[in-house]
Structures are given as C-alpha cells and as structure tokens.
Amino acid sequence: MLARKSIIPEEYVLARIAAENLRKPRIRDRLPKARFIAKSGACNLAHKNIREQGRFLQDIFTTLVDLKWRHTLVIFTMSFLCSWLLFAIMWWLVAFAHGDIYAYMEKSGTEKSGLESTVCVTNVRSFTSAFLFSIEVQVTIGFGGRMMTEECPLAITVLILQNIVGLIINAVMLGCIFMKTAQAHRRAETLIFSRHAVIAVRNGKLCFMFRVGDLRKSMIISASVRIQVVKKTTTPEGEVVPIHQLDIPVDNPIESNNIFLVAPLIICHVIDKRSPLYDISATDLVNQDLEVIVILEGVVETTGITTQARTSYIAEEIQWGHRFVSIVTEEEGVYSVDYSKFGNTVKVAAPRCSARELDEKPSILIQTLQKSELSHQNSLRKRNSMRRNNSMRRNNSIRRNNSSLLVPKVQFMTPEGNQNTSES
C-alpha cells in the first residue's frame with residue numbers, strides 16, 4: 001500500500017521502492033530447446049520463402065492428399081458443382097443455338113408434344129432445366145423427363161465430353177479421399193515409445209535403451225528400427241552444421257535387423273567406439289545439445305501400406321543409471337502385458353563415467369557393482385533391524401496390555417487380625 005500523505009515523506013517511499021526493485025534479481029525464463037522431431041513424431045520444421053510454388057501443382061494428387069480435411073472437402077464439393085454448372089451452360093447454349101428454348105416458349109401445351117423429335121434435348125426450357133439435365137448426365141441418374149435426341153451431333157459430343165470429365169473427377173476425388181483415410185501415419189498412432197530413454201549397464205557394456213510397443217493385435221510386418229543423433233557441429237574449417245545427422249547401430253542378434261513386435265520390446269544400442277555417445281559421461285550429458293531420433297518402419301498387416309512412427313529424446317529425457325521394469329508376465333498359459341508400467345524405470349547401479357573411460361579402466365565397473373552390493377546389503381540390514389525393533393515393540397505392547405487385564409487380588413481383614421485373600 002502507498003504511504004499516507006503527511007505520515008511518511010514521499011521521497012522516502014520512492015527511494016524505498018527503487019531499492020526493493022534493485023534487490024530483486026531479474027530472472028529470465030529459459031527458452032526450451034528446439035527439437036527436430038516432436039514427441040508425437042511431427043517434424044518441427046517451417047518452410048519459408050519458397051518462390052517456386054508451381055512445383056506443388058505439378059504433383060496435384062499429392063498436394064490434395066497433404067491438404068487439411070476442410071480444404072479437401074471444399075475442393076471435393078466445388079469440383080462437382082463447377083463441372084455441373086459448366087456443362088449446364090453448355091447444354092443451355094446448345095438448346096439456345098438450336099432454337100429449342102424459343103420453340104417451347106411459342107408452342108402451347110398441346111403442341112409441345114410434337115417438339116420431342118425436333119429438339120436436341122427434350123424439356124430443356126431454361127437454365128434451371130439445363131442444370132438438372134447436367135446433373136442427371138454426370139451422375140447417371142436418368143429420371144426420364146429429359147433425354148437426348150438424334151437431331152444435334154453437337155449435343156452428342158457434349159454428352160461424351162461430360163461423361164469423360166465426370167469419370168476423371170470421380171477417380172481423382174474418390175482416390176484422394178481414400179488415400180487420406182488410409183494414410184500410413186494413422187496406423188502409427190498405435191505405435192508407442194517410452195517417454196524417457198535410459199542408459200545402464202547390460203552385459204558389461206553401457207547401453208542406450210528405450211521401449212517400443214504396438215497397441216493393436218494386427219502386427220507390423222518386417223518392422224525395423226533406426227536411430228540417429230542430430231546435433232549442432234562445427235567443422236575444422238569453421239563451417240557450422242546446424243543439423244548434423246549420425247547413424248547409431250542397433251544391437252540386434254537377428255541378421256536381417258528386423259524385430260518381431262508382438263509384445264513391447266526394449267531396443268538397445270551398445271555405446272562403443274562407433275557410437276556418438278562414446279565420450280559422453282553422466283555429468284556431460286546434461287550440457288549436451290543433442291537429440292536422439294528413433295524411427296520405426298514396417299508394413300501394416302491389414303492394408304499392406306508402409307508406415308513409419310517417429311519420436312526423439314533430448315538430453316533432459318535420458319535417465320542415466322535407470323532400467324525399465326518388466327511388464328510381460330505369464331498368466332494361466334497366456335502372456336499378459338501391463339501397459340500401465342510401460343514407461344516405468346528403476347534406479348540401478350551404473351558408472352557415471354563415459355564408455356571410453358569404462359573401456360580404458362574396467363575396474364570402474366567392478367567397483368561400482370561392489371559399492372551397489374554393499375549398499376544393498378546395508379539397506380537389507382537396516383530393514384531387518386527395523387523389523388526386529390518393530391516386532392519387539394509390538395510384543396512389549398502386547399505384554400503390557402495382557403498384564404493390565406489380569407484380575408487384581410483383594411485382601412480382607414478379620415476381627416482376629418487374620419488376613420484372608422480372595423480373588424474377586
């Protein structure tokens with residue numbers, strides 16, 4: 001609140017406010033790192049200043065498929081309406097040039113029946129009737145009120161032309177709608193990746209691991225996984241490469257490098273000399289400006305369309321010294337998968353050094369495992385001692401409660417001075 005006038009001088013209040021503002025540190029929010037691939041698999045890339053826009057029209061079918069649904073539906077509707085209107089104008093011009101419209105206007109109702117053999121199209125009296133006839137021809141309805149005659153070769157040519165154009169529009173628009181509904185990325189919505197990746201020791205080697213799964217029962221045929229590291233690098237000549245891609249080999253015992261994705265799998269990459277993560281330790285990982293991109297490709301079993309699912313892991317999403325929990329169990333002869341624990345991890349013993357240091361000094365791994373074993377034994381001892389103490393306290397409390405429930409003895413004094421003890 002502001003100080004009341006005549007109680008605190010105004011100069012003092014202004015000086016105090018200025019001093020408080022100087023004391024408060026100005027903390028700017030840290031901007032999030034721009035990632036190349038979002039967690040959902042979308043490419044975080046904006047195309048600007050494209051001058052040759054006409055290249056998109058050269059591949060008009062792909063352009064229509066890539067459009068949003070609202071734009072595709074507008075184009076679908078407008079293509080049919082425009083074709084109907086265009087040929088309605090042509091049919092009206094044919095009738096106008098042949099004199100059919102004037103003939104229907106001049107003849108009376110009884111005389112109009114004789115005009116059916118002399119006009120190009122029967123019952124085309126106005127533009128509205130020409131538009132209805134155009135719709136009937138293109139969609140092959142044929143109500144029977146309007147039909148062609150043999151008087152006008154030009155009308156026959158227009159009929160053939162409209163049928164050809166209508167078939168082309170139907171093929172393009174229906175094919176576009178089908179391709180949009182059966183796009184490959186729709187199937188990728190049920191291919192899931194773990195939220196975090198982990199680095200832990202497996203078979204005596206530091207490994208980068210993540211989990212992938214398929215929620216549908218229909219399988220992905222010939223599924224394969226590729227891993228790439230994207231980071232900003234500078235060449236010895238001083239050239240800055242903002243998106244430098246490096247392939248990472250995947251540890252797969254199968255020679256074909258395909259996976260059988262019938263249940264969630266843990267994909268493992270051994271951090272060796274070929275790995276870009278070979279010189280990175282746990283402390284260095286926090287400050288690394290890198291992004292690990294994971295690409296899963298395969299053929300959809302039901303449709304035969306090749307699909308691709310993508311995700312990425314930045315340095316903040318890689319947990320060092322963790323391992324994924326097991327989610328596959330056997331229940332009554334059937335393997336059961338608990339997807340509620342899909343991304344759960346547990347902390348395990350892992351050296352904090354890089355893979356290079358671990359290869360140069362293998363004793364680091366032995367010391368780390370020994371320390372974890374000792375800490376595990378100490379935790380077990382503390383847990384057992386706490387259990388003993390709790391059991392002893394429980395037994396003591398039970399004994400006290402039992403002793404308080406015992407019946408007290410009552411002594412009676414007789415006149416002769418003898419004591420008689422009885423239990424009440």
Side-chain angles (χ1 to χ4, degrees), residues 53-54 56-187 189 300 302-305:
Q53 298 287 344
F56 295 98
L57 297 178
Q58 295 178 3
D59 188 9
I60 186 64
F61 185 77
T62 305
T63 303
L64 291 175
V65 174
D66 291 339
L67 290 176
K68 295 182 179 180
W69 267 107
R70 56 177 178 268
H71 299 154
T72 303
L73 293 178
V74 169
I75 294 174
F76 180 84
T77 305
M78 293 303 298
S79 62
F80 284 102
L81 287 177
C82 292
S83 64
W84 294 339
L85 287 172
L86 176 62
F87 283 99
I89 295 172
M90 296 178 68
W91 286 118
W92 185 84
L93 291 175
V94 169
F96 179 79
H98 194 261
D100 299 346
I101 296 177
Y102 290 107
Y104 277 107
M105 292 174 63
E106 293 175 356
K107 299 293 182 179
S108 61
T110 56
E111 296 176 351
K112 289 181 181 179
S113 59
L115 295 175
E116 294 181 356
S117 59
T118 60
V119 296
C120 294
V121 181
T122 60
N123 295 326
V124 176
R125 304 182 181 90
S126 62
F127 181 77
T128 303
S129 58
F131 180 73
L132 292 175
F133 181 71
S134 175
I135 297 175
E136 293 177 9
V137 170
Q138 189 162 335
V139 299
T140 64
I141 296 176
F143 291 113
R146 285 168 286 271
M147 60 182 180
M148 291 281 301
T149 63
E150 302 175 357
E151 293 295 324
C152 299
L154 180 61
I156 298 174
T157 305
V158 174
L159 177 66
I160 296 173
L161 182 62
Q162 185 173 5
N163 285 329
I164 295 174
V165 173
L167 289 175
I168 293 174
I169 294 176
N170 287 337
V172 173
M173 289 292 102
L174 294 179
C176 178
I177 297 296
F178 172 76
M179 290 301 297
K180 285 188 71 67
T181 55
Q183 278 184 329
H185 66 85
R186 304 294 180 185
R187 179 62 176 87
E189 296 293 334
V300 183
T302 54
T303 61
I305 300 175

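One finds the OG atom of S134 at 8.0 Å from the CG atom of L85 (value rounded to the nearest 0.5 Å). Of the inter-residue distances, the one linking F87 atom CZ with C82 atom SG reads 12.0 Å to the nearest 0.5 angstrom. Here the CD1-CD1 distance, from I75 to I60, works out to 7.0 Å after rounding to the nearest 0.5 Å. Separating the CE atom in M90 from the CG atom in L161 is a distance of 5.5 Å, to the nearest 0.5 Å. Rounded to the nearest 0.5 angstrom, H71 NE2 and D66 CG are separated by 13.0 Å. Taking CZ from F127 and CZ from F96, the interatomic distance works out to 14.0 Å, rounded to the nearest 0.5 Å.
Counting all heavy atoms, side chain and backbone alike, S129 lies closest to N123 at CB-O, 3.6 Å. Nearest heavy atoms, F61 versus V172: CE1-O, 4.0 Å. The minimum heavy-atom distance between L64 and T72, with the atom names listed, is O-OG1, 3.5 Å. For the residue pair M148 and V121, the shortest heavy atom distance occurs at SD-CG2, 3.8 Å. Summarising the geometry of A130 relative to A88, their closest heavy-atom pair is CB-O, 3.6 Å, with the distance given to 0.1 Å. In terms of heavy atoms, S126 sits closest to W92 at C-CD1, 3.7 Å.
For the side-chain contact (heavy atoms from CB on, under 4.5 Å) with V165, the qualifying choice from I169, I168, L167 is I169, the only one to do so.
Residues satisfying the side chain to side chain donor-acceptor pair (under 3.5 Å) test with S83, not counting sequence neighbours, are Q138. Here T62 pairs with D59 under the side chain to side chain donor-acceptor pair (under 3.5 Å) rule; sequence neighbours left out. Applying the side chain to side chain donor-acceptor pair (under 3.5 Å) test to E136 and every residue at least two apart in sequence or in another chain returns R146. In this structure F131 satisfies the ring pair (Phe, Tyr, Trp, His ring centres under 6.0 Å) test with no other residue, sequence neighbours excluded.
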Name every donor-acceptor pair, under 3.5 Å, that has one atom in a side chain of residues 175-182 and the other anywhere in the protein, sequence neighbours excluded.
unit_1, atom_1, unit_2, atom_2, d
K180, NZ, V65, O, 3.0
K180, NZ, L67, O, 2.6
T181, OG1, I177, O, 3.1
T181, OG1, F178, O, 2.8

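The list of salt bridge (Lys or Arg N to Asp or Glu O under 4.0 Å) pairs with a residue in residues 166-175, not counting sequence neighbours, is empty.
Between V137 and L159, some side-chain heavy-atom pair lies under the 4.5 Å cut-off. The side-chain heavy atoms of F80 and V139, taken from C-beta on, include no pair separated by under 4.5 Å.
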